[in-house]
Engineer: 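For reference, the structure I am asking about is given below.
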Amino acid sequence: MGIVCPDESKRIEIEEFRRMLLSNAAVHRTKAGDEFQNPGKLPAANRHNRELEEKKVCVTSGVSFLGIAIVNQLLLRGYSVRVIVEKQEDLEKLREMEISGEMRQSMNTVEAVMARLNDIQSLSQAFSGCRGVFHTAAFVDPAGLSGYSKSMVEVEVLVTKNVTQACAITPSVRNCVLTSSLVACVWQDINSSRTIDHDCWSDESICIDKKLWYALGKLKAERVAWNIARESGFKLATICPGLLTGPEFISRNPTPTIAYLKGAQEMFRNGLLATVDVNRLAVEHVLVFEDMKNTSYNRYISFDQVIRSEEELEKLARETGIDIRTTRSNSRTNSSNIVKLSNAKLCGLMSTIHRCHNEF
């Protein structure tokens, strides 16, 4: 495996385009469908080239905590991965991950390409030649204090809008998997819902009243993505995970962790404070992507633990260094009032690989 520098990307694009012309000489495909017009057998070389094309995907924020986990799972399953980087520091970080072994060793290529997330054409050029895009939407609060300030909401929405529009106009891209958040589902009037599942959406007014900017940003960004996908006709799937955990998660993923845990006491009281291991979530992303050949649109909730006891809450507080503990008098007392979380839909997809924690 080797990381391809941005200076090499043009040469690679030309070579890929040449191979595409050769392999498409006898076969034609439209973006709206995956059926080949020529049912005859392809020469072995052309079949190999087509297999390579089908296994090429792009990951935005590929050096983030979740991004690198997704890259590793894709490499494990035989994909070639293009990672979007915005600055030289990200490229250096990617190299360090390869040297340290954090990035899985593979015979497949990891290609780093510079792109501007505020520029649709720049993103479309970066996506060109890729069959799918994984948008992990990892951002850092410029203020560096609040985890996710009010101003970050529009940043989240704009970038997600740009990414989905770029997917829509890039001929090679068929599918996009967007990472949303469980907090885009759980902030609603709990008296009107006893189960939170993939069909549930947070209430925008509640997010604003409670100043839950991270939840608001994820909520609005996901809705924008769905609107664009349905208008444009390309396939979209979204995954709404609980709090990401895993090795050194607080130091490697500080901003989303701090932002996610705002309102943690209330989520805990309602039985809605859930976590998911980053590597499990990465596997889920890849399986959801591979299942998209069977479906056009899907939304999933992902978690592997619901924080139920004061001891579990205190453990999470120690791990994060964030005061999310609640006094016994303020904790929930009647289990019948707890809202249930359901990840049954994703469990159905994952059942052959992982034992799911299904609170349905």
Side-chain angles (χ1 to χ4, degrees), residues 66 135-139 141 146-161 164 177-230 236-244 253 255-276 281 284 288 297-307 322 324 326 332 337-346 359-360:
L66 175 59
H135 181 45
T136 59
F139 298 103
D141 183 2
S146 63
Y148 195 103
S149 61
K150 184 178 180 179
S151 62
M152 293 299 292
V153 173
E154 295 310 317
V155 174
E156 182 98 48
V157 173
L158 177 61
V159 171
T160 301
K161 180 180 179 180
T164 48
V177 179
L178 169 69
T179 310
S180 183
S181 176
L182 184 57
V183 292
C185 309
V186 302
W187 289 106
Q188 53 181 275
D189 181 5
I190 63 171
N191 293 320
S192 62
S193 177
R194 306 315 308 164
T195 299
I196 299 293
D197 62 14
H198 56 274
D199 287 326
C200 295
W201 293 82
S202 290
D203 188 306
E204 190 170 321
S205 62
I206 291 177
C207 294
I208 293 172
D209 290 343
K210 295 180 181 293
K211 295 183 171 53
L212 300 167
W213 308 128
Y214 184 73
L216 183 64
K218 292 297 184 182
L219 170 67
K220 294 182 67 174
E222 189 183 352
R223 280 180 167 160
V224 163
W226 279 117
N227 288 337
I228 294 172
R230 287 177 178 130
L236 176 69
T238 61
I239 302 178
C240 303
L243 176 70
L244 267 64
N253 200 42
T255 298
T257 300
I258 296 169
Y260 187 101
L261 290 174
K262 187 172 184 180
Q265 293 93 337
E266 186 173 344
M267 283 191 285
F268 171 71
R269 289 194 298 272
N270 293 327
L272 298 173
L273 182 56
T275 64
V276 61
L281 181 60
E284 291 171 343
V288 165
Y297 306 101
N298 258 322
R299 188 175 191 244
Y300 303 89
I301 278 180
S302 170
F303 62 90
D304 56 21
Q305 181 185 16
V306 178
I307 305 298
I322 302 171
I324 57 175
T326 181
R332 59 184 183 273
N337 291 330
I338 299 174
V339 180
K340 288 182 170 57
L341 283 175
S342 171
N343 58 359
K345 185 176 180 180
L346 190 52
E359 293 297 317
F360 191 65

Engineer: Does the side chain of S149 come within less than 4.5 Å of W213's, by heavy atoms?
Structural biologist: no

Engineer: To the closest 0.5 Å, what do you measure between CG (L212) and CD1 (I206)?
Structural biologist: 9.5 Å

Engineer: Nearest 0.5 angstrom please: L244 CG to L182 CG, how far?
Structural biologist: 11.5 Å

Engineer: Where is the tightest heavy-atom contact between P241 and Y260, given as atom of each residue plus distance?
Structural biologist: O-CE1, 4.0 Å

Engineer: If you look at every heavy atom in V186 and M267, which pair is closest and at what distance?
Structural biologist: CG2-SD, 4.1 Å

Engineer: Do you know the tightest heavy-atom contact between E222 and T238?
Structural biologist: OE2-OG1, 2.8 Å

Engineer: Could you check whether any side-chain N or O of K262 sits under 3.5 Å from a backbone N or O of K211, counting only pairs where one atom can act as donor and the other as acceptor?
Structural biologist: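 Side chain of K262 to backbone of K211, a donor-acceptor pair under 3.5 Å: yes, one is there.
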
Engineer: Looking at every non-hydrogen atom in both residues, tell me the closest pair between K220 and V153 and how far apart they are.
Structural biologist: CD-CG1, 4.1 Å

Engineer: Look up atom CG in L341 and atom SG in C200, then write down how far apart they are to the nearest 0.5 Å.
Structural biologist: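 Taking CG in L341 and SG in C200, the distance rounds to 9.5 Å.
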
Engineer: Assess whether atom NZ of K345 is packed by more than 12 heavy atoms of other residues, nucleotides or ligands within 6.0 Å.
Structural biologist: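 Yes.
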
Engineer: How long is the gap from CG on L281 to CG on L346, to the nearest 0.5 Å?
Structural biologist: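 Output value for this atom pair is 8.5 Å.
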
Engineer: Return the minimal non-hydrogen interatomic distance between G242 and V276, and the atom names on each side.
Structural biologist: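 Between these two residues, the closest heavy atoms are O-CG1, 3.8 Å.
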
Engineer: Cation over ring, R299 on W201, under 6.0 Å and within 45°?
Structural biologist: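 Yes - R299 lies over the ring of W201, closer than 6.0 Å to its centre and within 45° of its axis.
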
Engineer: Could you give me the CA-CA distance, side-chain angles and deciding distance for S205 and D203, then say whether side chain to side chain donor-acceptor pair (under 3.5 Å) is met?
Structural biologist: CA-CA 6 Å; S205 62; D203 188 306; 2.4 Å; yes

Engineer: Let me see the working for V224 and L158 under side chain to side chain contact (heavy atoms under 4.5 Å, CB included), right down to the final yes or no.
Structural biologist: CA-CA 9 Å; V224 163; L158 177 61; over 6 Å; no

Engineer: Quick check: do E284 and Y300 have side-chain heavy atoms less than 4.5 Å from each other?
Structural biologist: no

Engineer: How far apart are the C-alpha atoms of N298 and V288, what are their side-chain angles, what is the distance that settles it, and do they pass the side chain to side chain contact (heavy atoms under 4.5 Å, CB included) test?
Structural biologist: CA-CA 9 Å; N298 258 322; V288 165; 5.8 Å; no

Engineer: Measure from the side-chain N and O atoms of S180 to the backbone N and O of I239, and report whether any donor-acceptor pair falls under 3.5 Å.
Structural biologist: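 Checking the backbone N and O of I239 against the side chain of S180, no donor-acceptor pair under 3.5 Å is found.
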
Engineer: Grab the two heavy atoms, one from V339 and one from T195, that are nearest each other, plus how far apart they are.
Structural biologist: CG1-N, 4.0 Å

Engineer: Hey, what do you get for CZ (F303) to CG (N343), rounding to the nearest 0.5 Å?
Structural biologist: 3.5 Å

Engineer: Could you grab the distance from atom OG1 of T160 to atom NE2 of H135, nearest 0.5 Å is fine?
Structural biologist: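 NE2 of H135 is found 3.5 Å from OG1 of T160.
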
Engineer: Indicate yes or no for a side-chain donor-acceptor contact from T136 to the backbone of T179 under 3.5 Å, with no hydrogens or angles considered.
Structural biologist: no

